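Take a look at the structure below.
In this text the structure is predicted, and so the values were computed from the model without any measurement. When a ligand or atom number is given, it counts from 1 through the structure's own listing order.
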Amino acid sequence: MSDSAANSEPDHPFLSVRDIHKSYGGLKAIDGVDLDIQSGEIVALVGDNGAGKSTLIKMLCGALRPDGGELRLRGVPIEFASPKDATDSGIETVHQSLGLVDTLTVPENVFLGREETFRVFGLFRQLDRAKMRSETRGLLERFGISVPTLNEPVIKLSGGQRQTIAISRLLLSEPSLLIMDEPMAALGVDEGRRVMELVSSLRDKGIAILMISHNLEHVFQIADRVVVLKNGRLVGAKRTGDTTRESVVAMITLGTA
Ligand SMILES: Nc1ncnc2c1ncn2[C@@H]1O[C@H](COP(=O)(O)OP(=O)(O)O)[C@@H](O)[C@H]1O
Ligand SMILES: [Mg+2]
């Protein structure tokens, strides 16, 4: 545990964003946004194209430096100079591209960039395939995930299975916050439901989830809160139990809470 984590106070949100700003030239893509994400809650981030959703999550995962404002982790101010800083702080992100390599198998994808190796005769480094396979199997079991085979390249898996693998590989590092860009987009009804079940089970394990979604049906099925952006500004943040799809649509289109 780092010093800042040891000093942090448990009753603070896992992540707090205060008055964060980002401009591209003269365009204010994010213009003074506040956001709190608690451990064990699913927050949906919604808004029209160009509202600033991607810009906001890029600042939270260390891919983009804010022009101003503050990030706090469990109450402690923090700055991310790179995506590695964010992952070191327990924030993992599933981008829309998923970051999988089509030609590699499930274990090879899960361990991509952190391959398990062993030394042969104390000399050569060899990939420990058996260990990667058994750890992958354990990881998938722990999260109740089934895939038809671990031996085939992931290109042979369905969209939902690929999304699941993209999420599982990030769980290896036991993140505190998982950020997802449209995790259920482009999935069929059954597959979307399975991915939603996975995301709900991660919330139930205490992971904080921030999820961009265009699908308000999904948002109302699984999110605890919904945060609406328009033109880089926060329109409002509501508990899904305290609002309706109609009023969220009004927030997205009219920009009034
Ligand atoms: N790299 C960039 N350079 C210039 N403008 C950008 C860049 N990325 C995003 N924008 C602009 O910033 C605004 C917010 O974009 P974005 O965060 O991608 O919104 P969303 O993800 O909600 O669709 C838009 O007007 C977009 O055109
Ligand atoms: Mg976007």
Side-chain angles (χ1 to χ4, degrees), residues 15-37 42-71 79-87 91-100 159-160 162-163 166-167 170 175 177-187 192 195-196 199 208-220 222-238 240 243 245-257:
L15 178 69
S16 299
V17 178
R18 288 294 175 270
D19 197 24
I20 201 169
H21 285 78
K22 183 72 198 181
S23 293
Y24 297 111
L27 177 92
K28 291 179 173 172
I30 287 291
D31 188 11
V33 167
D34 291 351
L35 174 67
D36 285 335
I37 307 169
I42 300 177
V43 177
L45 182 61
V46 303
D48 268 340
N49 283 335
K53 305 179 297 295
S54 296
T55 301
L56 179 58
I57 66 166
K58 280 180 194 163
M59 292 191 280
L60 306 187
C61 71
L64 201 59
R65 296 291 287 267
D67 296 334
E70 190 177 62
L71 298 183
E79 286 185 20
F80 299 141
S82 70
K84 184 174 181 304
D85 283 353
T87 57
I91 299 176
E92 293 281 2
T93 306
V94 190
H95 295 282
Q96 265 179 314
S97 59
L98 298 187
L100 298 177
R162 292 159 58 81
Q163 179 64 254
I167 295 171
L170 302 181
L177 169 62
L178 192 59
I179 298 175
M180 290 181 284
D181 197 348
E182 296 269 358
M184 275 84 72
L187 298 183
V195 171
M196 281 197 281
V199 173
I209 315 266
L210 178 65
M211 179 185 89
I212 293 182
S213 180
H214 278 105
N215 186 325
L216 290 185
E217 197 177 321
H218 289 162
V219 168
F220 275 85
I222 70 166
D224 299 292
R225 287 193 301 130
V226 53
V227 171
V228 183
L229 289 183
K230 185 175 173 64
N231 298 332
R233 290 179 160 274
L234 182 77
V235 179
K238 304 268 186 192
T240 45
T243 187
R245 267 162 79 169
E246 290 68 30
S247 54
V248 171
V249 170
M251 288 165 81
I252 292 170
T253 54
L254 305 174
T256 49

With T256 via side chain to side chain donor-acceptor pair (under 3.5 Å) - residues at least two apart
none

For D48, counting its heavy atoms only, list the atoms of ligand 1 lying under 4.0 Å from any of them.
22 (O)

My understanding is that only residues two or more places apart in sequence, or in another chain, count here; which of them pass side chain to side chain contact (heavy atoms under 4.5 Å, CB included) with T87?
K84, E92

Please list the nearest protein heavy atom to atom 27 (O) of ligand 1 with its residue and the distance rounded to 0.1 Å.
L27 CD2, 4.6 Å

Roughly how far, to the nearest 0.5 Å, is the CD1 atom of I57 from the CE atom of M211?
12.0 Å

Evaluation steps, side chain to side chain contact (heavy atoms under 4.5 Å, CB included), between L35 and L45:
CA-CA 10 Å; L35 174 67; L45 182 61; 5.5 Å; no

For atom 1 (N) of ligand 1, what's the nearest protein heavy-atom neighbour? Residue, atom name and distance, please.
Y24 CE2, 3.7 Å

Nearest candidate to atom 17 (O) of ligand 1, where distance is taken over non-hydrogen atoms, out of L64, L229, I57, T55:
T55

Among residues at least two apart in sequence or on other chains, which ones pass side chain to side chain donor-acceptor pair (under 3.5 Å) with R18?
D36

Roughly how far, to the nearest 0.5 Å, is the CG atom of D181 from the NE2 atom of H95?
8.0 Å

Please report the shortest heavy-atom distance between F220 and V248, naming the atom on each side.
CZ-CG2, 3.8 Å

Is the shortest distance from a heavy atom of G47 to ligand 1 less than 4.0 Å?
no

Heavy atom of L56, distance to ligand 1 below 4.0 Å
no

Tell me the protein heavy atom at minimum distance from atom 19 (O) of ligand 1, and give that distance in Å.
G52 N, 3.1 Å

Residue-atom pairs from the protein, N, O or S only, that lie under 2.8 Å from the Mg ion (ligand 2):
S54 OG

Top protein contact for atom 18 (O) of ligand 1, by heavy-atom distance:
S54 CB, 3.8 Å

Side chains of D31 and N231: closer than 4.5 Å at any heavy-atom pair?
no

When rounded to the nearest 0.5 angstrom, what distance separates NZ in K230 from CE in M251?
12.0 Å

Within 4.0 Å of some non-hydrogen atom of A29, the atoms of ligand 1 are 12 (O), 13 (C)

On a heavy-atom basis, the closest approach of A208 and I37 is CB-CG2, 3.7 Å

Mind checking whether N49 has an N or O less than 3.5 Å away from an N or O of ligand 1?
no

Test of proximity, G50 against ligand 1: N or O pairs below 3.5 Å:
yes

What are the two closest heavy atoms between M59 and P66, and how far apart are they?
SD-CA, 3.5 Å

